[in-house]
Amino acid sequence: MPELPEVEIVKRSLFKMINKASIIEIKVKNKNLRYKIPRNFIIDLVGQKILRITRRSKYLIFYFQKKLLLAHLGMSGKFILIRNGDKKMFKTNFYYDLNIIQKHNHIYFKLSNGFTLVYNDIRRFGFFKLFNVNELNKVTFLKKLGLEPLSAKFNSEYFTIFINNRSKNIKNLLMDQTFVSGLGNIYVNEVLFMTGIDPLRLCNNLKKTEIKSLVLNIKKILKSSILKGGSSIKDFKNLSGKSGSFQSFFHVYGRENKNCSRNSCTGEIKKISISSRSSFYCVKCQN
DNA sequence: TTCTTTGTTCCGGA
DNA sequence: GTCCGGAACAAAGA
């Protein structure tokens with residue numbers, strides 16, 4: 001489940017391997033992703049050169065001469081790089097992991113640098129959208145997004161002002177992409193555990209020190225995960241098919257009924273549902 | 001067949 | 001008008 005750190009790793013891998021390459025050919029095997037791949041998708045992109053690749057929240061943005069390609073990986077979307085014309089498909093030097101099922105390959109981008117970029121997505125919740133180059137400011141997906149959690153502007157002052165006159169619980173606040181963009185369920189669970197805050201605590205009851213600590217821990221956990229190559233709790237793989245290592249550092253997510261991993265805490269991890277999303281927390285040190 | 005999983009969007013109620 | 005939570009949506013695997 002790609003959240004900010006995973007998307008950042010994908011962006012870096014893509015930048016390293018295919019930046020400045022041109023698209024020679026596109027094969028759409030299944031156009032029914034989260035949104036239908038439009039008719040003009042192929043004609044708009046073939047012959048275009050990738051000028052740069054950036055990330056905003058969990059979105060990837062590919063800059064071409066005439067178009068912008070916005071991509072979201074949804075729950076299970078991944079990019080795989082194979083050699084052009086390779087019939088063995090997943091037995092290349094670049095992808096030896098057979099957890100990838102070929103029937104979920106939906107789009108092939110044949111590139112000028114000898115590689116083909118494959119988009120694979122089991123649940124097909126990911127999507128691609130095309131925009132004109134000067135229309136980035138009109139993209140509604142991006143317009144609504146709040147601050148990047150790793151930016152300097154995301155700090156205690158911003159946090160304090162935003163929660164003024166708001167009463168939602170802290171779990172939902174951190175999940176709210178208009179507040180801070182890029183955190184998903186897994187990282188929010190981890191941040192709240194690290195900070196020792198009950199996910200149901202109302203955000204307008206937070207103390208100054210808790211807000212400060214939350215901001216610090218959000219940055220710390222995201223940076224640490226990026227350094228370790230992203231998590232791989234279920235589906236995440238980087239371009240070379242290797243899992244990240246951050247998943248082994250999860251303290252609460254998926255640890256229902258297990259003992260709290262915090263030194264000196266004898267509590268147990270409980271699972272509850274908040275806004276129909278599962279939340280894991282220690283009954284003792286998060287209250 | 002039902003339940004779970006995700007981020008995003010939409011809708012009704014306060 | 002604004003805020004909030006819950007539900008719907010997409011697909012697939014257990």
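Note: hydrogens, waters and symmetry copies are ignored here, and every other heavy atom, side chains too, is used.
Between the P atom of C:dG6 and the CD1 atom of A:Ile272 lies a distance of 11 Å, rounded to the nearest Å. What separates CG of A:Asp176 from P of C:dG5 is a distance of 10 Å, to the nearest Å. Atom-to-atom, CD1 of A:Ile163 to C1' of C:dC3 comes out at 15 Å; the value is rounded to the nearest Å. Spacing between atom CG of A:Asn169 and atom C1' of C:dG6 amounts to 13 Å, rounded to whole angstrom units. Remark: P of C:dC9 and NZ of A:Lys36 are 18 Å apart, rounded to the nearest angstrom. Spacing between atom CG of A:Leu174 and atom P of B:dT6 amounts to 16 Å, rounded to whole angstrom units. What separates CD1 of A:Ile37 from C1' of C:dA10 is a distance of 14 Å, to the nearest Å. When the C1' atom of C:dG5 is taken as reference, atom NZ of A:Lys168 falls 9 Å away, rounded to whole Å.
For A:Ser278 and B:dT5, the shortest distance from a side-chain N or O to OP1 or OP2 is below 4.0 Å.
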Might you list the N or O atoms of the protein lying below 3.5 Å from N or O atoms in nucleotides 7-9 of chain B, with each pair's distance?
unit_1, atom_1, unit_2, atom_2, d
B:dG7, O3', A:His72, NE2, 3.4
B:dG7, N7, A:Arg277, NH2, 2.2
B:dG7, O6, A:Arg277, NH2, 2.5
B:dT8, OP1, A:Tyr59, OH, 3.2

Using atom names, set out every protein N or O paired with an N or O of nucleotides 11-14 of chain C below 3.5 Å, distance rounded to 0.1 Å.
unit_1, atom_1, unit_2, atom_2, d
C:dA11, O4', A:Arg123, O, 2.8
C:dA12, OP1, A:Arg124, NH2, 3.3
C:dG13, OP1, A:His104, NE2, 3.3

Look for any protein N or O under 3.5 Å of an N or O in nucleotides 12-14 of chain B and output each such pair with its distance, or none.
none

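Sorted by first and then second residue, the salt bridge (charged side-chain N to carboxylate O under 4.0 Å, His left out) pairs with a member in residues 165-185 of chain A read A:Lys168-A:Asp176; sequence neighbours excluded.
A donor-acceptor pair shorter than 3.5 Å cannot be found between the side chains of A:Gln48 and A:Tyr63. Inspection of the A:Arg124 and A:Ser76 side chains reveals no N or O donor paired with an N or O acceptor under 3.5 Å.
Tracing side-chain contacts under 4.5 Å through hydrophobic residues (I, L, V, M, F, W, Y), one reaches A:Ile61 starting from A:Val139; they form part of the same cluster.
In this structure A:Ser261 satisfies the side chain to side chain contact (heavy atoms under 4.5 Å, CB included) test together with A:Phe193, A:His251, A:Arg255, sequence neighbours excluded. For A:Tyr35, the side chain to side chain contact (heavy atoms under 4.5 Å, CB included) partners at least two apart in sequence or on another chain are A:Phe127, A:Lys129, A:Phe141. When the salt bridge (Lys or Arg N to Asp or Glu O under 4.0 Å) test is applied to A:Arg262, no partner is found at least two apart in sequence or on another chain. Residues meeting the side chain to side chain contact (heavy atoms under 4.5 Å, CB included) test with A:Asp44, sequence neighbours left out: A:Asn40, A:Lys67, A:Leu130. A:Lys212 meets the side chain to side chain contact (heavy atoms under 4.5 Å, CB included) test with A:Ser156; sequence neighbours excluded.
The rotation axes computed at either terminus of the helix from B:dT2-C:dA14 to B:dA14-C:dT2 lie 50° apart, taking five pairs at each end and rounding to 10 degrees.
A salt bridge links A:Glu210 with A:Arg201: the closest approach of a Lys/Arg side-chain nitrogen to an acidic carboxylate oxygen falls below 4.0 angstrom.
Across all strands, A:Lys271 comes closer than 4.0 Å only to sugar-phosphate atoms, never to a base (heavy-atom distances).
The aromatic rings of A:Phe128 and A:Tyr119 stand perpendicular to each other, their planes meeting at an angle above 60°, with 30° marking the opposite boundary. Ring pair A:Phe64/A:Phe62 is parallel by interplanar angle, where below 30° counts as parallel and above 60° as perpendicular.
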Compile the donor-acceptor pairs under 3.5 Å between side chains in residues 266-273 of chain A and protein atoms, sequence neighbours left out, one pair per line.
unit_1, atom_1, unit_2, atom_2, d
A:Thr266, OG1, A:Lys284, NZ, 2.6

Side chains of residues 18-31 of chain A: which donor-acceptor partners sit under 3.5 Å, not counting sequence neighbours?
unit_1, atom_1, unit_2, atom_2, d
A:Lys20, NZ, A:Leu51, O, 3.1
A:Asn30, OD1, A:Asn32, N, 2.9

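Of the listed nucleotides (C:dG5, C:dA7, B:dT5), C:dG5 has the atom at the smallest distance from the side chain of A:Asn172.
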